[in-house]
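Here the structure is laid out as structure tokens; the discussion comes afterwards.
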Amino acid sequence: MKLAIDLSPAQADRLQERAKSLGLQPEELARAAVADLLTTPDDEFRAAAESRVARRR
């Protein structure tokens, strides 16, 4: 499956910087992040997501 997402310029810069520091292409890092998300147990993901949403408020 191909997936296109829109990132803010700041997010795109951070993704590129992080990928470069790891010796990866941004697409590889994004794919690994999604794979990690999909293998995280539901309770851990829910807690992390709720924490992230709470910080944005």
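Numbers here simply count residues along the sequence, with the first being 1. Remember, predicted model here, so these are calculated numbers, not experimental data.
Here Asp36 pairs with Thr39, Thr40 under the side chain to side chain contact (heavy atoms under 4.5 Å, CB included) rule; sequence neighbours left out. Under the side chain to side chain contact (heavy atoms under 4.5 Å, CB included) criterion, Ile5 pairs with Leu3, Leu7, sequence neighbours left out.
Of the possible donor and acceptor atoms, one in the side chain of Gln11 sits under 3.5 Å from a partner among the backbone N and O of Ser8.
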Only distances under 3.5 Å count here; give the side-chain donor-acceptor pairs of residues 21-35 to other protein atoms, sequence neighbours excluded, each with its distance to 0.1 Å.
| residue | atom | partner | partner atom | Å |
| --- | --- | --- | --- | --- |
| Ser21 | OG | Arg18 | O | 2.8 |
| Glu28 | OE1 | Gln25 | N | 2.7 |

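Met1 shares a hydrophobic cluster with no other residue; no ILVMFWY side chain has heavy atoms under 4.5 Å from its own.
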